[in-house]
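FYI, side chains are in, hydrogens and waters are out, and symmetry mates aren't considered; it's all heavy atoms of this structure. To find a chain, count down the sequence lines: A is the first, B the second, and so on, and within it residues start at 1.
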Amino acid sequence: MNITESLLGWYAQNKRPLPWRETREPYKVWLSEVILQQTRVAQGTDYYHRFVLAFPDVQSLASASEQEVLKLWQGLGYYSRARNMHHSAKEIVEKHNGIFPSSAAGLKKLKGIGDYTAAAIASICFEEPTAVLDGNVARVISRLYAVDTAVDSNSGKSILTDFANSLLDVDQSGTFNQAMMELGALVCSPRTPACYTCPLAFGCEALKQNKTGDFPVKTPKKVATVRYMNYLVISFVQNGEELVLMRKRTGKDIWKNLYDFPCIETENSIETNDLLVLCEKQDAFFGLPYVVKQVSPEYIHQLSHRRLLAKFIKVELDGIPAISSSLVAVTKEKIADLPLPRLIDRYLANLI
DNA sequence: AATGCGGGGTC
DNA sequence: GACCCAGCATT
């Protein structure tokens with residue numbers, strides 16, 4: 001029995017019935033792969049169902065507005081995935097006549113498709129004999145061969161990809177790739193791998209050395225830095241209707257093209273009185289009389305690479321502000337139509 | 001090669 | 001609290 005056969009035999013018996021495994025349509029496989037980038041199956045599955053329902057094919061996705069796509073992506077994070085997928089859907093429809101590229105090299109030319117996703121779609125949908133390398137595969141292979149090069153370095157990725165390709169069953173590359181990932185997800189887990197039930201235990205170098213905990217080798221991460229977000233929740237009445245100012249986030253910062261409130265970011269925590277001085281200085285209230293209605297407690301919003309400490313100051317203006325183009329004035333009901341970061345969504349849920 | 005980008009589950 | 005998840009783009 002060799003490693004490849006043992007793996008495929010295990011997979012046939014133990015694979016989970018995941019919805020995207022019921023199809024080989026490139027569109028649906030692509031959608032599933034993008035949703036699952038840095039995202040667990042449990043977190044992404046509902047999003048997959050909602051997307052397939054709302055946009056059943058690449059044409060319907062291409063016809064949608066970016067805001068619709070982002071709204072559907074809301075809460076999943078890494079929003080560039082949604083923007084890039086929408087961009088690529090339009091490219092596939094307009095430049096490729098709605099037909100997906102059938103090679104990994106062709107797929108990689110599309111925005112949002114890198115080494116992993118290109119190999120995944122090419123092998124699963126088109127049987128291209130190329131191995132994928134994701135977090136699961138890196139863990140399995142690094143343990144199997146006791147690879148002590150960091151898996152997040154270029155040389156490490158190259159070594160691991162070569163090993164994976166050397167094991168690849170070229171006649172069923174899509175199945176093989178999914179089997180490797182499934183083994184990593186279900187058996188060869190990060191903390192305490194279930195080696196006693198692993199079909200590859202007989203050939204595992206890390207297990208032989210009793211050092212599964214030493215692999216994969218990774219370069220240490222940096223600690224998350226703090227950002228202080230002082231949000232201004234500015235409302236006013238126009239034509240008998242209460243409106244709230246929202247801001248579309250542009251530029252290279254987090255949450256690009258999602259909506260939050262006007263915000264004064266500071267280097268350190270700031271008292272409300274000092275913040276109001278800053279607001280005056282920056283003309284945040286448009287020179288109108290205002291009343292502070294509420295100051296929220298501090299919200300802690302933990303991201304992988306950032307720790308956001310947010311405060312929300314609710315202010316009512318007496319008058320109608322002359323707003324710039326980056327701001328929109330919306331009714332409370334319409335806020336729900338906008339794509340919102342999780343932090344803003346949490347705050348709004350607490351307002352009642 | 002290093003950094004930014006989200007959010008949530010798990011131990 | 002630390003880790004990490006079917007990674008990618010940019011610099």
note: A:Ile35, atom CD1; B:dG8, atom C1'; distance rounded to Å ~ 15 Å

Closest to the side chain of A:Asn154, out of B:dC5, B:dA1, B:dG7, is B:dA1

TODO: Taking the six-membered ring for Trp and the single ring otherwise, decide whether the centroids of A:Tyr78 and A:Trp73 are under 6.0 Å apart.
DONE: no

When rounded to whole Å, the CG to C1' distance for the pair A:Asn84 and B:dG6 reads 15 Å

Compute the centroid of each ring, for A:Tyr48 and then for A:Trp20, and state whether the two points are separated by less than 6.0 Å. yes

In whole angstroms, the gap separating C1' of B:dG7 from OH of A:Tyr299 amounts to 17 Å

Is there a donor on the side chain of A:Thr39 or the base of B:dG7 sitting less than 3.5 Å from an acceptor on the other? no

In whole angstroms, the gap separating P of B:dG7 from CD of A:Gln43 amounts to 10 Å

Practice item. Please determine if a side-chain N or O atom of A:Arg306 lies less than 4.0 Å away from the OP1 or OP2 oxygen of B:dG4. Key: yes

Here the distance between atom C1' of B:dG7 and atom CZ of A:Arg346, to the nearest Å, is 11 Å

5'-most to 3'-most nt of DNA chain C touching chain A (<4.0 Å, heavy-atom partner on protein side) reads C:dA2 to C:dT11

Distance between P atoms of C:dA6 and B:dC5 (Å, rounded) | 23 Å

Separation of B:dC5 atom P from A:Arg83 atom CZ, nearest Å, is 11 Å

Item to check | A:Trp255 and A:Tyr79 aromatic centres sub-6.0 Å | outcome: no

Is the phosphate of B:dG4 approached by A:Tyr78 (side-chain N or O, under 4.0 Å from OP1 or OP2)? no

### Task
Using a heavy-atom cut-off of under 4.0 Å over every strand shown, decide if A:Arg21 touches base, sugar-phosphate, or nothing.
base

When A:Arg306, A:Arg247, A:Arg227, A:Lys248 are each screened for salt bridge (charged side-chain N to carboxylate O under 4.0 Å, His left out) with A:Asp253, the one that passes is A:Arg227

Between A:Ser153 and A:His305, whichever has its closest DNA chain B nucleotide further toward 5' is A:Ser153

To the nearest angstrom, the NZ-C1' distance between A:Lys252 and B:dC5 comes to 13 Å

Practice item. Give the intermediate values and the outcome of side-chain hydrogen bond (donor to acceptor under 3.5 Å, both in side chains) for residues A:Arg81 and A:Gln37. Key: CA-CA 9 Å; A:Arg81 293 183 291 177; A:Gln37 288 168 6; 5.0 Å; no

In whole angstroms, the gap separating P of B:dG9 from CG of A:Asp46 amounts to 11 Å

key: Worked verdict on A:Ser103 versus A:Glu128 for side-chain hydrogen bond (donor to acceptor under 3.5 Å, both in side chains)   = CA-CA 7 Å; A:Ser103 69; A:Glu128 182 171 320; 4.9 Å; no

Students often get this wrong, so: under 4.0 angstrom with heavy atoms, is A:Trp73 touching a base, only sugar-phosphate, or nothing? nothing

Name the nucleic acid region contacted by A:Asn177, choosing base, sugar-phosphate or nothing; use a 4.0 angstrom heavy-atom cut-off, strictly under. nothing

**Message:** With rounding to the closest Å, how many angstrom separate the P atoms on C:dA9 and B:dG8?
**Reply:** 24 Å

By nearest-heavy-atom nucleotide on DNA chain B, the more 5' of A:Thr219 and A:His301 is A:Thr219

### Task
Would you indicate what A:Arg342 reaches in the nucleic acid, counting non-hydrogen atoms under 4.0 angstrom: base, sugar-phosphate, or nothing?
sugar-phosphate

On DNA chain C, more 5' by nearest nucleotide between A:Ala185 and A:Arg307 is A:Arg307

